[in-house]
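To find a chain, count down the sequence lines: A is the first, B the second, and so on, and within it residues start at 1. Nothing here was measured: the structure is a model prediction, and the numbers come from that model.
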2 protein chains.
Amino acid sequence: MLHQPRNDKEEVTLKDIAEAVGKSVAAVSRALNDYDDISPETRTYIKQVAFEMGYTPNLMAQRLKKRTTDTLGFILPVLSPKNSDPYFSELLVGIANEATAQGFDLLVSTCVPGYEEVQAYLRLINSHRIDGIIVARSRRRDPRLDLLLEKQFPFVVIGTVDLQKGFLLVSDDAATGARLVVNHLVARGHRKIGLVNTPMDLTFSAEFFDGMKGAMLEANLEIDQNYWAECDFSQKGGYQAAQTLLSGSETPTAIVTADDVVALGVMAAVHDQGFQVGHDIAITGYGDILLAEHAQPPLTTVQRSTYNLGQQACRMLVTKLRGELLEQEHLVFKPSLVIRQSSDLDFWL
Amino acid sequence: MLHQPRNDKEEVTLKDIAEAVGKSVAAVSRALNDYDDISPETRTYIKQVAFEMGYTPNLMAQRLKKRTTDTLGFILPVLSPKNSDPYFSELLVGIANEATAQGFDLLVSTCVPGYEEVQAYLRLINSHRIDGIIVARSRRRDPRLDLLLEKQFPFVVIGTVDLQKGFLLVSDDAATGARLVVNHLVARGHRKIGLVNTPMDLTFSAEFFDGMKGAMLEANLEIDQNYWAECDFSQKGGYQAAQTLLSGSETPTAIVTADDVVALGVMAAVHDQGFQVGHDIAITGYGDILLAEHAQPPLTTVQRSTYNLGQQACRMLVTKLRGELLEQEHLVFKPSLVIRQSSDLDFWL
DNA sequence: TTTGACATCTTAATCGTTTTAGTTTATAAT
DNA sequence: ATTATAAACTAAAACGATTAAGATGTCAAA
């Protein structure tokens, strides 16, 4: 008997298959799910017929019954419509790729950080839309984490090494990254080292700052108030921060930044003030985005495998959701320094 | 009678509310959905109790019953893990914001363009996960569109003006953009104008090329084979393309590109070859990404409201899905020229 | 012949909604 | 007193899967 793929609008259901093969709906369901109380012959026959009829399970029915959605949530913080942080793009790709590989869907929502944000998380976790959520760019005293912990909702955090370790965590090691940068600059003879940091309420920025401070102390240096600014993750922010940094009577010989995009802005400002980047003033970034390599001059930066951060975060969360054993709940990637010309031209000849 | 919000793990269902208020499940459902065969008093009472008990509808049950998912799909093409195109980031934010505003979820998947891609679309539309899909960066003879048309699946296309108009369409007008650029350069006295285009199988690139060719013809110019290259959407691609362009005996006095990120690469290459961007060689981009404004020198480019493209695409698709009247099925944004120093320094004094 | 074990299936309940087709009650019209 | 109409509800059947519990038949052992 040949079963045509149904090409009308009607959807093929288990019931249709059951009628076609002359068995019960339960038998068909169990056959398709490889239960062993269905004889091998019937099983292959049923699968064959299901295939011929073009059966695809109704996900909503499955999800209702199984009380699971096989979907992860990710909320993209959006500062301004145009602002597209390469960090989040890369993270998203890592997460989405891994989700697909694991058979999970990824639900993406957006939100401007602030009060609304918690509401957005609340909506997402209260409506059975998703099984778990990925939180990126964690903050100190992060209300999102409080909420998720309180609601006992599964989640993984990307972006800090040092939170109260009650949940899954994936991060690069910002402090070590900062140390690498400072050590490099100090070895080149720099002593007046400025900092353009990202907002200090982010755990990343705080850890970066601590790392830098530590490395500076070891070199008997400290972070001068006059060489210290803070800005958001944008080129414009970096540009403006650098302008104030350079407005004083003395200028630093090196400027460390906590983000590549910010560094690009700093480079532009330094250039516009008549300095030669890499010669008069060394500049470093963080992240090693694609643009860093082809900046003018190419940007010394800290390599962070953002894609892997997203991928591993997703993998860990899925593993946990499946109830499988997780070898480690905290994953920290060691960063490495990528030395390019923005800090490698001839100083102090 | 006071109904406590239930704080145990159990979910509040219509049945719970029904028992609490002493009415039937149907009455509760109808009350919450504002049917007019429930008396105003009961309706407000039921709503009150539902609120107090912390009721949130089970989405999967609703979706199963209503046979709709209130979810849109978007497949992010990913060339390489690190490659994060600002265009797609901005598009995504526009789409996601509008989806949220319309009460829709957004499902994001990734895929490397090619054979797999159609499979990814097929999976998505076959499994009742989404009600409609947003297709970006359309191609000539796009297999994705063939598939969607064949399956009669609702979708909207972003990125071309000129397809067989059987579906929803949102686009900027690349041809006009190219014309603006060429007219500007010609007015500045340029006659040897090179082109670094993006891949010609994209409708965008083809339309850009046509626009440029037309404008050149009107100025009695043509696109010289020696000044004509093609590359993918990356700074590296632009860098390499520009290198081949500049390797000949004669060099163009202006290089038009079809993408800002590519333009940044071209600028780097031009600079590295010892030319001064904006003075020796004018360079233009397309898109007006944030980085364009702070490039060195700031990049002349075509303003495209990518955020709005995403937003409107989403809005149109949702309107269509709701069965509401759509004033127009094709929306084309007129681009405008943003003149900056990369094409505006002193030539031909 | 009875009993148990096993393989292979079926019945029916369930998930939480929505919706169709009534039912009940009160009030108004005949 | 009967009938019609409307208001305010309810019962039960969906939606399409999964699954617990039970049924049936076959075969071997007691």
Side-chain angles (χ1 to χ4, degrees), chain A residues 6 8-47 49-50 53-71 103 105 126-131, chain B residues 6 8-47 49-50 53-71 103 105 126-131:
Chain A
R6 313 195 18 175
D8 43 11
K9 272 286 195 183
E10 306 283 319
E11 279 303 323
V12 181
T13 69
L14 287 187
K15 199 175 159 204
D16 298 323
I17 302 175
E19 279 165 12
V21 301
K23 303 262 152 142
S24 73
V25 170
V28 175
S29 171
R30 300 179 81 79
L32 293 177
N33 288 294
D34 285 322
Y35 278 64
D36 61 2
D37 64 351
I38 304 292
S39 77
E41 302 83 50
T42 344
R43 191 185 319 184
T44 47
Y45 177 54
I46 286 177
K47 282 188 176 178
V49 172
M53 294 176 75
Y55 171 74
T56 48
N58 184 311
L59 272 184
M60 295 312 149
Q62 286 185 323
R63 290 175 175 178
L64 172 58
K65 180 67 212 198
K66 300 222 260 192
R67 313 196 65 69
T68 168
T69 63
D70 290 354
T71 303
D105 283 342
N126 265 347
S127 56
H128 308 271
R129 257 182 269 253
I130 55 174
D131 294 340
Chain B
R6 315 201 9 179
D8 44 9
K9 270 289 197 182
E10 307 283 318
E11 279 303 322
V12 180
T13 69
L14 288 187
K15 200 175 157 205
D16 298 324
I17 302 175
E19 280 165 14
V21 301
K23 303 260 153 147
S24 72
V25 170
V28 175
S29 171
R30 300 179 81 79
L32 293 177
N33 288 294
D34 285 323
Y35 278 64
D36 61 1
D37 62 354
I38 304 292
S39 76
E41 302 83 48
T42 348
R43 193 186 319 187
T44 48
Y45 176 54
I46 286 177
K47 283 187 177 179
V49 172
M53 293 176 75
Y55 170 74
T56 49
N58 184 312
L59 271 186
M60 296 311 148
Q62 285 185 323
R63 289 174 177 181
L64 170 60
K65 182 66 210 195
K66 299 220 259 193
R67 312 196 66 66
T68 167
T69 64
D70 290 353
T71 303
D105 283 343
N126 265 347
S127 56
H128 308 270
R129 257 183 269 257
I130 55 173
D131 294 341

Check [X] against [Y] and note the closest heavy-atom contact, atom names and distance.
X     : Y     : answer
A:A20 : A:M53 : CB-SD, 3.9 Å
A:A31 : A:I46 : CB-CD1, 3.7 Å
A:I17 : A:A50 : CD1-CB, 3.7 Å
B:A61 : A:L64 : CB-CD1, 3.8 Å
B:A27 : B:I38 : O-CD1, 3.9 Å
A:L14 : A:S29 : CD1-CB, 3.7 Å

Could you tell me the separation between the [atom1] atom of [X] and the [atom2] atom of [N], rounded to a whole number of Å?
X     : N      : atom1 : atom2 : value
B:M60 : C:dT18 : CE    : C1'   : 17 Å
B:L59 : C:dT18 : CG    : P     : 10 Å
B:L64 : C:dC15 : CG    : P     : 14 Å
B:D16 : C:dT17 : CG    : C1'   : 13 Å
B:R63 : C:dT17 : CZ    : C1'   : 13 Å

Does A:K47 form a side chain to side chain contact (heavy atoms under 4.5 Å, CB included) with A:D34? I'd like the steps, not just the answer.
CA-CA 10 Å; A:K47 282 188 176 178; A:D34 285 322; 2.8 Å; yes
Find the bend of the helix from C:dT1-D:dA30 to C:dT30-D:dA1 as the angle between its two terminal axes (five pairs each), to the nearest 10°.
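So the angle between the two local helix axes works out to 80°.
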Would you please confirm or rule out a distance under 4.0 Å between OP1 or OP2 of C:dT18 and any side-chain N or O of B:N33?
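For C:dT18, OP1 or OP2 has a side-chain N or O of B:N33 closer than 4.0 Å.
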Taking only N and O in the side chain of B:Y55, is any of them less than 4.0 Å away from OP1 or OP2 of C:dT17?
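Result: yes.
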What residue pairs, at least two apart or across chains, pass side-chain hydrogen bond (donor to acceptor under 3.5 Å, both in side chains) with a residue in residues 54-63 of chain A?
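For residues 54-63 of chain A, and leaving out neighbouring residues, the side-chain hydrogen bond (donor to acceptor under 3.5 Å, both in side chains) pairs sorted by first residue read A:R63-A:D105.
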Which is true for B:K23 with a 4.0 Å heavy-atom rule: it touches a base, it touches only sugar-phosphate, or it touches nothing?
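Sugar-phosphate, backbone atoms only, no base.
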Would you indicate whether A:D36, at its atom CG, is surrounded by more than 12 heavy atoms from other residues, nucleotides or ligands within a distance under 6.0 Å?
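It does not: A:D36 CG has 12 such atoms or fewer within range.
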Interface polar pairs with nucleotides 19-27 of chain C, N/O, under 3.5 angstrom:
from   : atom 1 : to    : atom 2 : distance (Å)
C:dT19 : OP2    : B:Y35 : OH     : 2.9

Reading DNA chain D 5' to 3', which nucleotide is the first, and which the last, to come under 4.0 Å of any heavy atom in chain A?
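Result: D:dG16 to D:dT19.
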Check salt bridge (Lys or Arg N to Asp or Glu O under 4.0 Å) between B:K15 and all other residues, then give those that pass, not counting sequence neighbours.
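Residues passing salt bridge (Lys or Arg N to Asp or Glu O under 4.0 Å) with B:K15: none at all.
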Restricting to side-chain contact (heavy atoms from CB on, under 4.5 Å), what partner residues turn up for B:T44, sequence neighbours left out?
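For B:T44, no residue satisfies side-chain contact (heavy atoms from CB on, under 4.5 Å) once neighbours in sequence are set aside.
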